[in-house]
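Data block below; observations after.
Throughout, a chain's letter reflects where its sequence line sits, starting with A, and its residues are numbered from 1.
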Amino acid sequence: MRLYNTLTRQREDFAPADGTTVRMYACGLTVYARGHIGNFRTFISLDVLRRTLKYVAGFQVKQVVNFTDVDDKTIAGAQREGLPLAEYTERYIAAFHEDCATLGLEPSEENPRATDPGNIQAMGDMVAALEQKGHTYRSDGSIYFKIASMPTYGRLARLDHEGMQAGAGARVDADEYEKEDARDFVLWKATKPGEPTWDPGIGPGRPGWHIECSAMALRLLGEAPIDLHAGGIDLVFPHHENEIAQSECATGKTFARMWVHFEHLLVENQKMSKSLGNFFTIPDVIGKGYRASTLRYLLLSAHYRSRLNFTWSGMAQAEEAIRRWTDFLARLDAVTGSASHPEVAERVATARQGFDTAMADDLNTSAALGEVFELVRALNSQIDAGTVGQGDVAGIRAAFAHFDDVIGVVSLRAKEDASGGLSEADVERYITDRQEARRRRDFAAADRIRQELLALGVILEDGPHGTRWKRK
RNA sequence: GGUGCGGUGGCGAAGAGGCGAACGCGACGGUCUGCAAAGCCGUUAUUCGAGGGUUCGAGUCCCUCCCGCACCUCCA
């Protein structure tokens, strides 16, 4: 298994330190709004990473994805609506879980919230450790991390301090005057009256953004270094850089062995923003009549380190691609003859090998899907030629099940089909009526029934062995 | 000012030194069909932003240039 490590800017071999279980942490949402499709590109990529580690590389996974449920935005939002913070954030946490299920994401082993008492305590302990080692200072009730105390600061983001100061000078932090150095960041933030406050033994305050991830990762995954830390590309700096600073200065050990970052999603070639009207949530996409499985396919079909441009035409293309896959699987039902063919098994094994190799090579989903579709064409062709028998079908299905263990689109689609719409018995009744009409050569009536079913979301295909149907 | 990414057919997207540039969508022709649909076959990039260079050989390495974009303490 190879992955691109942001720390070294190279693809590296990856395996968990203990050889069996990957202990991984990914930064989740700040829960002040429902996540948008850009957020979910990250979580879908993470899901593909997770599934590849499990089903291709054969590791076990312990994955932690947090919720940032206390920060300026969540506090402001809760105040605006006159709700307790936890009640306010709970809505978006529930929405996140709902959207994850809709997109077929495997649940994480842990979804900690920053405000859980155990996590607050872990943050307090880490801050205390940093204070003891001389990496901090206090100012106006807040505790800051002193960047000058860490010579290797900036390694992940490859910061150039000289250049950074020259150009970024125009954007100094609003509360810079409280800091000794503009680059220092807050570990534990002084609270204003009315803001939620904790005191885990370091004085009253609330978590700085970065400390929560360091503390929760090490609390829930155990000793540093953890195997893998992931997140959106925009988190490289400052968030992950600062996580490294805190964790490594506090523990004296490497924080994470592998850093994986997912590129952003663009919408119609632009950054998503509410003012441009290109800001979509999962329910928005479904409300426009698209399936979640289609969105999942589209968002995972490009490489995770490339920017991906979301368009509605892309959704339509993704829909057709999935259909090619599912149509093929449906075709297997009609295979007759009990023979099995060694050359079929061999072809399937080659594709499976190619798929796994592509996924293990830094999650090359495009190449992996290429293998799938090449196999689809080869087998369709064999079916046409009558050189696929029942004896081959189980092996073929097993391979496609394996592909979908990682891709996760076909199983999701099946779940979508099972909920709502015409019942199978109803469809069969229509088909029987239409067969009658066709037997009478009353093609007008037959076409009318086909149209009716189409309007109900069912597509018919007449073949030599009868009529097949599928849902739109 | 600094750091970094990308420009591959009508659209999306792999490929990162080696003979005919995957795969998906679309289009056209053929086959099949009562008509469709699906499938299959064929056609659709003498060429990979432009120009130089290295090499027996370059989308793939080097240089210059042109475009587009991200990040530099809100951000998946």
Side-chain angles (χ1 to χ4, degrees), chain A residues 9 26-30 32 35-46 71-73 154 157-174 176 182-186 209-210 230-239 241-242 261-266 269-273 297-298 301-303 305-309 311 313-314 316-325 327-328 330-331 354 358 364-374 376-377 379-385 438 441-444 446-447 450 454 459-464 467-470:
Chain A
R9 313 280 152 120
C27 297
L29 280 185
T30 300
Y32 67 97
H36 56 249
I37 56 176
N39 293 315
F40 282 100
R41 183 201 183 182
T42 292
F43 298 120
I44 288 170
S45 300
L46 181 66
D71 80 319
D72 293 349
K73 285 177 183 164
R158 309 247 157 140
L159 296 182
D160 175 295
H161 298 315
E162 312 296 314
M164 189 175 128
Q165 278 159 332
R171 308 205 198 182
V172 281
D173 197 337
E176 179 203 358
R183 299 171 301 149
D184 291 344
F185 60 91
V186 68
W209 174 29
H210 317 298
I233 187 80
D234 53 324
L235 298 183
V236 172
F237 187 84
H239 189 232
E241 191 66 58
N242 291 347
H261 290 98
F262 307 112
E263 250 300 348
H264 272 178
L265 180 72
L266 301 177
N269 269 314
Q270 290 181 297
K271 228 179 141 165
M272 241 180 299
S273 79
Y297 182 93
L298 177 62
S301 63
H303 189 85
R305 284 190 288 112
S306 310
R307 266 180 295 241
L308 169 59
N309 186 26
T311 62
S313 126
Q317 293 186 15
E319 174 65 31
E320 292 309 315
I322 298 170
R323 184 140 291 165
R324 185 164 165 78
W325 183 330
D327 279 354
F328 168 73
R331 244 196 128 185
N364 192 341
T365 47
S366 302
L369 289 169
E371 295 287 344
V372 173
F373 287 110
E374 280 183 57
V376 166
R377 180 156 37 73
L379 293 177
N380 265 326
S381 188
Q382 299 262 58
I383 292 172
D384 281 355
R438 291 180 75 200
R441 301 195 67 81
D442 182 355
F443 295 121
D447 289 352
R450 187 164 63 191
L454 185 61
I459 297 168
L460 299 187
E461 291 174 8
D462 300 323
T467 297
R468 251 171 48 194
W469 63 277
K470 62 188 177 190

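Although no hydrogens or angles enter the test, the distance criterion places a donor-acceptor pair under 3.5 Å between the side chain of A:R41 and the main chain of A:E263.
Nucleic acid contact class of A:I383 (heavy atoms, under 4.0 Å, all strands): none. At the heavy-atom level, A:G28 lies under 4.0 Å from the strands shown only through sugar-phosphate atoms.
Residues satisfying the side chain to side chain contact (heavy atoms under 4.5 Å, CB included) test with A:T311, not counting sequence neighbours, are A:E268, A:N309, A:S313. Contacts of A:E241 classified as salt bridge (Lys or Arg N to Asp or Glu O under 4.0 Å), with partners at least two apart in sequence or in another chain: none. By the side chain to side chain contact (heavy atoms under 4.5 Å, CB included) test, A:D234 pairs with A:H264, sequence neighbours left out. Not counting sequence neighbours, the partners of A:R468 by the salt bridge (Lys or Arg N to Asp or Glu O under 4.0 Å) test are A:E461. With sequence neighbours excluded, no residue forms a salt bridge (Lys or Arg N to Asp or Glu O under 4.0 Å) with A:R377. Applying the side chain to side chain contact (heavy atoms under 4.5 Å, CB included) criterion to A:A385, with sequence neighbours excluded, gives A:T387. Remark: A:T30 engages A:Y32, A:T68, A:D71, A:T74 in a side chain to side chain contact (heavy atoms under 4.5 Å, CB included) (not counting sequence neighbours). Scanning for salt bridge (Lys or Arg N to Asp or Glu O under 4.0 Å) contacts around A:R305 gives A:D362, with sequence neighbours left out.
Expressed to the nearest 0.5 Å, how far CZ of A:R438 lies from OG1 of A:T467 amounts to 5.0 Å. Between the CZ atom in A:R9 and the CZ atom in A:R158 there is a gap of 5.0 Å [rounded to 0.5 Å].
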List every contact pair, protein side and nucleotides 26-28 of chain B side both N or O, where the distance is under 3.5 Å.
none

Between the protein and nucleotides 17-21 of chain B, which nitrogen or oxygen pairs come in under 3.5 angstrom?
none

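Taking only distance into account, the side chain of A:D462 meets the base of B:C35 through a donor-acceptor pair shorter than 3.5 Å. Between the base of B:C72 and the side chain of A:R183 there is no donor-acceptor pair shorter than 3.5 Å. No hydrogens or angles were tested; on distance alone, nothing pairs the side chain of A:R324 with the base of B:A38 as donor and acceptor under 3.5 Å.
Of the two residues contacting RNA chain B, namely A:I322 and A:A446, the nearest-nucleotide position lying further toward the 5' end is that of A:I322. Toward the 5' end of RNA chain B, the nearer of the two residues A:E461 and A:Y297, judged by each one's closest nucleotide, is A:Y297.
Helical stems involving RNA chain B, defined as 3 or more consecutive Watson-Crick or G-U pairs under 3.5 Å, span B:1-7 with B:66-72, B:10-12 with B:23-25, B:26-31 with B:39-44, B:49-53 with B:61-65.
The phosphate of B:C75 has neither OP1 nor OP2 within less than 4.0 Å of any side-chain N or O from A:R41. For the OP1/OP2 pair of B:C71 and a distance below 4.0 Å, the side-chain nitrogens and oxygens of A:K271 include at least one atom meeting the criterion. Between A:R438 and B:C35, a side-chain N or O to OP1/OP2 separation shorter than 4.0 Å is absent.
Spacing of P atoms, B:G7 relative to B:A50, comes out at 12 Å, to the nearest Å. Taking atom P in both B:C61 and B:C48, the straight-line distance is 15 Å, to the nearest Å. Only the C1' atoms considered, B:C32 is 48 Å distant from B:A76, to the nearest whole Å.
The aromatic rings of A:F185 and A:H210 stand perpendicular to each other, their planes meeting at an angle above 60°, with 30° marking the opposite boundary.
Look at A:R324 and A:D327 and you find no salt bridge, because none of the NZ, NE, NH1 or NH2 atoms lies under 4.0 Å from a carboxylate O.
The shortest side-chain heavy-atom distance between A:I44 and A:F262 does not fall under the 4.5 Å cut-off.
Here B:C69 presents its P atom at 9 Å from CD of A:Q270, a figure rounded to the nearest Å.
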Sugar-phosphate atoms are those with a prime plus P, OP1 and OP2; base atoms are the rest. Using that split, label each nucleotide of nucleotides 5-15 of chain B B, S or - for protein heavy atoms under 4.0 Å, 5' to 3'.
B-----BSSSS
